[in-house]
Amino acid sequence: MVPLPQLPKAFWAFHDQYYRAYRRYAHVHLGDPHAAGELVHQVLMHLAMNWAHLMEEANPAASAWALLKESVAGELRIQGRKPAVPETAMLQLVVRAVLESSRQEFEVIESALGLYPAIARLPERQFDVMVLRYVLGFSTDTVARIMGVTEATVRSHCHFARRKIARELGIAFDTDCDDEE
């Protein structure tokens, strides 16, 4: 058996900071905690073996996030599933989270049927922000670190996602995405 090289402390700090979030994100998409754990383990081992290269990237967190997303999408392709279809449990969680966070604005909706396709049509980064922020419950600053973007970018994606959903549903509501913690 070939011994693994000694991994730098920075890798373990990265692992500690992102493992849980990556696993929760993969679990929401794959629907299987074991498969999510295996996938995240593979992603993190790839990052560990290519740590020096990752550290040369302009934005290592964004590069690692992109690898996770590519890996999740690849696993969904292998399973013959699409990552953002309205029937997935993930979208049901997003719908519930959006309805809970905006209950007054959505009281006029008889059912959430119109919300499913609106969420599914969000651009990729807006969709990710909605999942990380409202389904998985991460704060704006944590979402920013996970995705490798600024907090302002997260707030902007959230604002435009909520505005797009409201516009598609014909509802006017406050699009404030500041943390309510």
Side-chain angles (χ1 to χ4, degrees), residues 1-5 7-8 10-98 115-140 142-150 153-154 156-158 160-161 164-165:
M1 177 156 77
V2 178
L4 290 174
L7 296 172
F11 168 78
W12 292 113
F14 180 91
H15 183 283
D16 291 346
Q17 185 173 8
Y18 295 109
Y19 175 79
R20 185 171 176 261
Y22 280 18
R23 186 172 178 153
R24 289 179 66 198
Y25 182 85
H27 180 201
V28 166
H29 280 280
L30 301 176
D32 177 357
H34 180 72
E38 289 293 319
L39 183 133
V40 171
H41 175 75
Q42 291 173 5
V43 167
L44 290 172
M45 288 301 96
H46 175 80
L47 293 174
M49 295 297 110
N50 297 284
W51 188 251
H53 177 69
L54 180 66
M55 292 297 99
E56 293 172 359
E57 295 284 332
N59 188 335
S63 296
W65 176 250
L67 177 62
L68 173 71
K69 289 184 53 65
E70 289 170 16
S71 298
V72 168
E75 180 61 27
L76 289 169
R77 274 192 303 278
I78 289 169
Q79 294 178 12
R81 294 174 39 207
K82 293 182 181 180
V85 294
E87 295 80 23
T88 65
M90 178 182 55
L91 285 176
Q92 292 172 4
L93 289 172
V94 173
V95 168
R96 188 175 314 121
V98 171
L115 194 51
Y116 286 105
I119 292 169
R121 286 189 296 271
L122 287 173
E124 181 179 357
R125 286 189 165 224
Q126 291 177 12
F127 183 84
D128 287 345
V129 165
M130 296 302 279
V131 170
L132 290 167
R133 184 77 183 86
Y134 294 106
V135 175
L136 300 179
F138 292 115
S139 65
T140 299
T142 301
V143 172
R145 278 183 289 153
I146 291 168
M147 293 179 66
V149 298
T150 66
T153 299
V154 171
S156 176
H157 287 316
C158 179
F160 287 110
K164 181 177 179 169
I165 291 167

I want to check something: taking the side chain as every heavy atom from C-beta on, are K164 and F160 in contact at a cut-off of under 4.5 Å?
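In short, these two side chains do not touch, never coming nearer than 4.5 Å.
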Any side-chain heavy atom of D128 within less than 4.5 Å of one from K69?
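Sidechains of K69 and D128: in contact.
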For [X] and [Y], which heavy atoms make the closest approach, and how far apart are they?
X: S71; Y: V43; answer: OG-CG2, 3.3 Å
X: L54; Y: A64; answer: CD1-N, 4.2 Å
X: G148; Y: A61; answer: CA-CB, 3.8 Å
X: R125; Y: V149; answer: NH1-CG1, 3.2 Å
X: F14; Y: Y22; answer: CZ-OH, 3.7 Å
X: H27; Y: A36; answer: N-CB, 3.4 Å

N/O donor-acceptor pair under 3.5 Å between R133 side chain and C158 backbone
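No, the answer is negative, given that no donor and acceptor are paired below the 3.5 Å cut-off.
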Donor-acceptor contact present, side-chain R23 to main-chain P33, <3.5 Å
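Answer holds: yes.
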Pairwise distance [atom1]([X]) to [atom2]([Y]) - rounded to 0.5 angstrom:
X: S156; Y: Q126; atom1: OG; atom2: CD; value: 8.0 Å
X: H41; Y: H15; atom1: NE2; atom2: NE2; value: 8.5 Å
X: M147; Y: N59; atom1: CE; atom2: CG; value: 11.0 Å
X: F11; Y: M55; atom1: CZ; atom2: CE; value: 10.0 Å
X: E57; Y: N50; atom1: CD; atom2: CG; value: 10.5 Å
X: S63; Y: H53; atom1: OG; atom2: NE2; value: 7.5 Å

Please assess W65 against Y25 for the test side chain to side chain contact (heavy atoms under 4.5 Å, CB included), listing each intermediate value before the final yes or no.
CA-CA 11 Å; W65 176 250; Y25 182 85; 3.6 Å; yes
Where do R121 and I165 land on the side chain to side chain contact (heavy atoms under 4.5 Å, CB included) test, with the steps shown first?
CA-CA 9 Å; R121 286 189 296 271; I165 291 167; over 6 Å; no
Should the pair H29 and F127 be assigned to parallel (<30°), tilted (30 to 60°) or perpendicular (>60°) ring geometry?
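The arrangement is tilted - the two ring planes meet at 30° to 60°.
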Pair H46, Q42: side-chain N/O donor-acceptor within cut-off below 3.5 Å
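Not at all, the side chains of H46 and Q42 share no donor-acceptor pair under 3.5 Å.
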Going through the checks in order, is the side chain to side chain contact (heavy atoms under 4.5 Å, CB included) test met by Q79 and L30?
CA-CA 9 Å; Q79 294 178 12; L30 301 176; 4.2 Å; yes
If you apply the rule side chain to side chain contact (heavy atoms under 4.5 Å, CB included), what do you find for L7 with W51, and how did you get there?
CA-CA 8 Å; L7 296 172; W51 188 251; 5.8 Å; no
